[in-house]
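Report on the following structure.
Counting begins at 1 with the first residue of the sequence. Indexing begins at 1, ligand by ligand and atom by atom, following the structure's order.
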Amino acid sequence: MDLGAITKYSALHAKPSGLVLQYGTAGFRTKAEHLDHVMFRMGLLAALRSKQTKSTVGVMVTASHNPEEDNGVKLVDPLGEMLAPSWEEHATCLANAEEQDMQRVLIDISEKEAVNLQQDAFVVVGRDTRPSSEKLSQSVMDGVTVLGGQFHDYGLLTTPQLHYMVYCRNTGGRYGKATLEGYYQKLSKAFVELIKQASCSGDEYRSLKVDCANGIGALKLREMEHYFSQGLSVQLFNDGSKGKLNHLCGADFVKSHQKPPQGMEIKSNERCCSFDGDADRIVYYYHDADGHFHLIDGDKIATLISSFLKELLMEIGENLNIGVVQTAYANGSSTRYLEEVMKVPVYCTKTGVKHLHHKAQEFDIGVYFEANGHGTALFSTAVEMKIKQSEQLEEKKRKAAKMLENIIDLFNQAAGDAISDMLVIEAILALKGLTVQQWDALYTDLPNRQLKVQVADRRVISTTNAERQAVTPPGLQEAINDLVKKYKLSRAFVRPSGTEDVVRVYAEADSQESADHLAHEVSLAVFQLAGGIGERPQPVSCLY
Ligand code: 16G
Ligand code: MG
């Protein structure tokens with residue numbers, strides 16, 4: 001490690017004094033103008049991680065669904081997964097070190113993690129379409145270089161595409177080719193083969209409207225569409241040619257406001273979907289004949305996918321298990337439907353993709369989705385073995401095995417991916433002959449409400465049982481329990497946000513009015529018992 005060079009270059013990416021950031025569930029995220037030093041240092045850290053794992057590591061420059069002025073950075077571990085927890089701590093230490101402490105922190109990390117500094121390092125870098133992203137990704141590469149590492153700059157990529165590249169590079173090409181062409185071909189080939197098996201792929205299955213949040217998803221989907229156009233035609237909206245990134249559009253807007261994005265013309269019963277700003281989240285929706293908006297969120301996506309996969313499993317195999325992983329935000333109706341109607345075991349983890357991903361790896365087929373549309377399905381080697389053995393099976397079983405093989409190719413195994421999930425969903429709808437309304441009708445969501453409460457220090461709230469119960473401050477959980485009892489089919493929980501300085505409140509109940517009241521009452525309890533600041537929480541009717 002050439003400490004002299006590190007100090008010299010670090011001064012060119014100086015840290016604004018006093019700024020403290022935390023590597024959270026989505027990496028570092030804040031106003032773009034505060035991030036130059038963080039990017040340089042994450043370049044250094046990625047090089048160290050690459051040396052330690054003797055593998056390619058990824059760095060993605062994006063702030064997903066945040067406003068255009070923000071930016072962020074996330075490291076991708078060798079198998080395409082989120083950064084290991086001990087390295088998240090190193091990331092926080094390194095990002096917050098004052099200039100004169102940088103050398104010591106770097107040496108500390110290298111020693112703690114037994115990094116062989118002589119080892120080569122290789123880092124791949126991707127970025128979204130924000131105006132600040134190009135320069136910030138350059139700072140990442142500066143960091144990698146100063147530590148003696150090599151890099152490949154993929155330029156503009158969706159976040160899941162970067163995960164895919166990392167995964168391909170560390171599996172000797174077995175998973176796929178680490179190029180955009182490789183990604184497009186792998187997914188499109190699997191999709192087109194699946195669609196061919198649909199007996200009822202009439203016109204209504206052939207077109208889909210996609211809101212791209214004025215982000216990177218638009219560019220990449222446009223590059224990709226001709227690869228799969230024989231199976232599906234996509235009409236792109238909010239493609240970045242006019243509007244602002246994530247402004248009144250995108251998956252986060254549609255899910256949290258429960259209304260369609262601006263800039264998209266929707267006729268009744270047309271199937272539509274929205275990506276978020278870095279294309280790792282997707283939600284579907286439509287307008288019914290009466291003009292009512294229907295949201296089909298991550299929970300209903302998980303239901304569609306897991307029921308289809310369960311059918312395929314029943315066709316081909318004994319002794320293979322399937323599980324669905326959700327978070328506390330999953331609508332109660334979805335959990336009930338999965339467990340009671342579909343007889344699929346459901347597990348709940350903390351919020352954040354890495355927790356769901358980890359749990360899903362325990363099953364032969366693990367389907368995981370957050371209600372907000374982050375998710376994918378993972379497959380064990382036992383499933384792949386079963387498919388290989390299917391040559392000897394009877395015709396019907398062989399067909400199911402072939403479908404499963406294509407589905408595995410179509411799912412991005414490295415991360416939840418809006419493009420890949422979209423193609424999986426489109427294929428399943430066509431294969432099952434389901435309209436968007438029929439899909440939506442699988443179950444009815446319980447009315448729910450999410451609110452935010454400002455408190456002096458959100459760390460006073462700690463939770464257990466996958467965030468469904470508050471442990472501290474004292475008395476808060478008892479207060480929530482008492483409030484919940486007042487309503488039918490009700491449930492509520494609170495948790496400190498991992499991405500914003502707020503406490504989040506979730507409530508659901510048998511009617512929208514009840515869910516709104518409950519959410520408001522729980523917000524007041526948080527305000528009183530957890531050190532609320534600013535204005536007291538307003539009733540929901542005053543907010544919307
Ligand atoms: C991050 C997480 C997402 C989670 C969200 C919760 C990843 C890649 N992203 O965006 O999964 O739903 O944070 O945000 O893990 P919150 O803690 O502010 O509610
Ligand atoms: Mg995202």
message = With nothing but distance in play, are any N or O atoms of R29 less than 3.5 Å from an N or O of ligand 1?
response = no
query = Can you find an N or O of V353 that's nearer than 3.5 Å to an N or O of ligand 1?
reply = yes
ask   = Is S497 close to ligand 1, meaning an N/O of one under 3.5 Å from an N/O of the other?
value = yes
query = What orientation do Y286 and H294 show, parallel under 30°, tilted 30 to 60°, or perpendicular over 60°?
reply = parallel
key: Distance filter under 4.0 Å to K74 heavy atoms, resulting ligand 1 atoms   = 8 (C)
ask   = What N/O/S atom of D276 gets nearest to the Mg ion (ligand 2)?
value = OD2
request  = If you have a sec, work out which protein heavy atom is nearest atom 9 (N) of ligand 1 and how many Å separate them, to one decimal?
outcome  = H374 NE2, 3.6 Å
query = Near K259 NZ, under 6.0 Å, is it more than 12 heavy atoms from other residues, nucleotides or ligands?
reply = no
key: Where the Mg ion (ligand 2) is the vertex, angle from D280 OD1 to D278 OD1 to 10°   = 90°
ask   = How does T25 reach ligand 1, if at all, at less than 4.0 Å between non-hydrogen atoms: by side chain, backbone, both, or neither?
value = both
key: ligand 1 to T499 polar contact by distance, N or O atoms, under 3.5 Å   = yes
inquiry  = Using 30° and 60° as the class boundaries, would you call the ring planes of Y23 and F28 parallel, tilted or perpendicular?
reply    = perpendicular
key: F363 ring center within less than 6.0 Å of Y347 ring center   = yes
task = Below 4.0 angstrom from a heavy atom of M82, which ligand 1 atoms are there? Numbered from 1 as shown, please.
result = 8 (C)
query = Is the centre of the H374 ring less than 6.0 Å from the centre of the F369 ring?
reply = no
inquiry  = Using a 6.0 Å cut-off, check whether atom NE2 of H358 has over 12 heavy atoms from anything other than its own residue.
reply    = no
inquiry  = So, taking the atom named CD in E33 and the one named OG in S132, what distance separates them when rounded to the nearest 0.5 Å?
reply    = 9.5 Å
Salt bridge present between E500 and K452 (N-O < 4.0 angstrom) = yes
task = Using a cut-off of 6.0 Å, state whether more than 12 heavy atoms not belonging to E134 lie near its atom CD.
result = no
Protein contact of atom 3 (C) of ligand 1 - nearest heavy atom, named by residue and atom, plus distance = E370 OE1, 3.3 Å
query = Do any N/O atoms on E500 end up under 3.5 angstrom from N/O atoms on ligand 1?
reply = no
ask   = Any N or O on R504 sitting closer than 3.5 Å to an N or O of ligand 1?
value = yes
query = Aromatic ring centroids of F151 and F122 under 6.0 Å?
reply = no
query = Does the gap between the ring centers of Y329 and F493 come in under 6.0 Å?
reply = yes
message = So that I can check it, does any N, O or S atom in T159 come closer than 2.8 Å to the Mg ion (ligand 2)?
response = no
inquiry  = For N372, which part has a heavy atom under 4.0 Å from ligand 1: side chain, backbone, both, or neither?
reply    = side chain
inquiry  = Given A371, G24, A26, P496, identify the one with the heavy atom nearest to atom 10 (O) of ligand 1.
reply    = A26
query = Among protein heavy atoms, which lies nearest atom 6 (C) of ligand 1, and at what distance?
reply = T351 CG2, 3.6 Å
query = Against heavy atoms of R495, which atoms of ligand 1 measure under 4.0 Å?
reply = 16 (P), 17 (O), 19 (O)
